[in-house]
Amino acid sequence: LTKVNETPFYVALVHWPILGKTGESVATSVTHFDIHDIARVSKAYGAKKYFIIHKMQEQLMYVSRVLNHWQVGEGAGLNPMRQQALAGIELSESIEQAVAKITSLEGRKPKVVATAARSLNTHNLVSFRELRDSFSNEPILVLFGTGYGLTPEVLEQACALLEPIKGASHQDYRHLSVRSAVSICLDRLFGSW
Ligand code: SAM
């Protein structure tokens, strides 16, 4: 029988604040694939919600229109699997708002875990194994970046920064699309392997 992970966990894709090309803080556009692919893997691994975080109402409204199409519009009857996965999406204007939502749902604040492709020597760095071994009933919120990644402030303020996925490249290449990174992280942390 598959052992199902009991830790209540949440996934968030951050579009603001995000690192821009020259190190400034920017807002990025929502990508269609990120809505669907991360919703599916979140559902498959039992995330309680997948937050899409953006400070601009226009961007959140775009996601709402996509969700509407698949949930109540023409798409609903066409693909019930997709409909089920998208039902886990929650829109949020900031990381703080997502944390507040989880706190109200769970009755306690989540442990916020940030991710990054680059190697950083911070006080809050944890390995996949350490994090997985530390799970209790405390809710977890795992943050993923867009653009050039989560800002240094977000990485430092998180309760933990997860070690980067290193893969097996001889050149230490590890700049994955966020969709790939979410899948690997969820499998390592919450998978039943
Ligand atoms: N435009 C890009 C795309 O195609 O998805 C967005 C890149 S964004 C910087 C990628 C995000 O995925 C990072 O902020 C991090 O959350 C995660 N990520 C990518 N590679 C990773 C790795 N090797 N280890 C951990 N997280 C990684």
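Just so it is clear, the values below take in all heavy atoms, side chains as well, and ignore hydrogens, waters and symmetry mates. In listed order, ligands and their atoms are each counted from 1.
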Those atoms of ligand 1 less than 4.0 Å from some heavy atom in [X]:
{"X": "Phe144", "result": "16 (O)"}
{"X": "Ser177", "result": "3 (C), 4 (O), 5 (O)"}
{"X": "Gly149", "result": "9 (C), 14 (O)"}
{"X": "Tyr148", "result": "9 (C)"}

TODO: Hey, can you tell me if Trp70 and His36 have their rings parallel, tilted or perpendicular (30° and 60° cut-offs)?
DONE: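 It falls in the perpendicular class, over 60°.
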- [ ] Assign the ring pair Phe190 / Phe135 to parallel, tilted or perpendicular, where the plane angle (0 to 90°) is split at 30° and 60°.
- [x]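 Answer is parallel, since the angle falls under 30°.
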Open item on the list: Between Arg179 and Asp34, is the salt bridge (Lys or Arg N to Asp or Glu O under 4.0 Å) condition met? List the steps.
Closed with: CA-CA 6 Å; Arg179 297 168 299 285; Asp34 290 342; 2.5 Å; yes
Closest protein heavy atom (residue, atom, distance) for [atom]:
{"atom": "atom 8 (S) of ligand 1", "answer": "Gly145 O, 3.5 Å"}
{"atom": "atom 18 (N) of ligand 1", "answer": "Ala181 CB, 3.3 Å"}
{"atom": "atom 7 (C) of ligand 1", "answer": "Gly147 O, 3.4 Å"}
{"atom": "atom 24 (N) of ligand 1", "answer": "Ile165 N, 2.9 Å"}
{"atom": "atom 23 (N) of ligand 1", "answer": "Arg174 O, 2.8 Å"}
{"atom": "atom 15 (C) of ligand 1", "answer": "Thr115 OG1, 3.6 Å"}
{"atom": "atom 19 (C) of ligand 1", "answer": "Leu176 O, 3.3 Å"}

Open item on the list: How about CZ on Arg129, more than 12 heavy atoms from neighbouring residues, nucleotides or ligands closer than 6.0 Å, or not?
Closed with: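 For Arg129, atom CZ is not crowded (no more than 12 foreign heavy atoms under 6.0 Å).
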Task: Structural part of Ala116 in contact with ligand 1, heavy atom criterion under 4.0 angstrom - done: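 Within the 4.0 Å criterion, Ala116 contacts ligand 1 through backbone atoms alone.
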TODO: Return a yes/no value: protein heavy atom under 4.0 Å from atom 2 (C) of ligand 1?
DONE: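 No, because not a single protein heavy atom sits under 4.0 Å from atom 2 (C) of ligand 1.
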Task: Selected option - heavy-atom contact closest to atom 12 (O) of ligand 1, from Ile184, Leu150, Val178 - done: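 It is Val178 that holds the nearest heavy atom.
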Open item on the list: Check Glu90 with Lys49, please: is the shortest side-chain N to carboxylate O separation under 4.0 Å?
Closed with: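 Counted as a salt bridge, because a side-chain N and a carboxylate O are separated by less than 4.0 Å.
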Open item on the list: Salt bridge check, Lys48 against Glu106: does any charged N sit closer than 4.0 Å to a carboxylate O?
Closed with: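 Salt bridge: yes.
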- [ ] Could you tell me whether the side chain of Ser42 and the main chain of Ile38 form a donor-acceptor pair under 3.5 Å?
- [x]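 Yes.
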Open item on the list: Given the ring of Trp193, does Arg132 sit roughly above its face, with NZ or CZ under 6.0 Å from the centre of the six-membered ring and within 45° of the axis?
Closed with: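 Positive - Arg132 is close enough to the ring of Trp193 and near enough to its axis.
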Open item on the list: If hydrophobic clusters are built from ILVMFWY residues whose side chains come within less than 4.5 Å, do Val178 and Trp16 share one?
Closed with: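 Unlinked, Val178 and Trp16 end up in two clusters.
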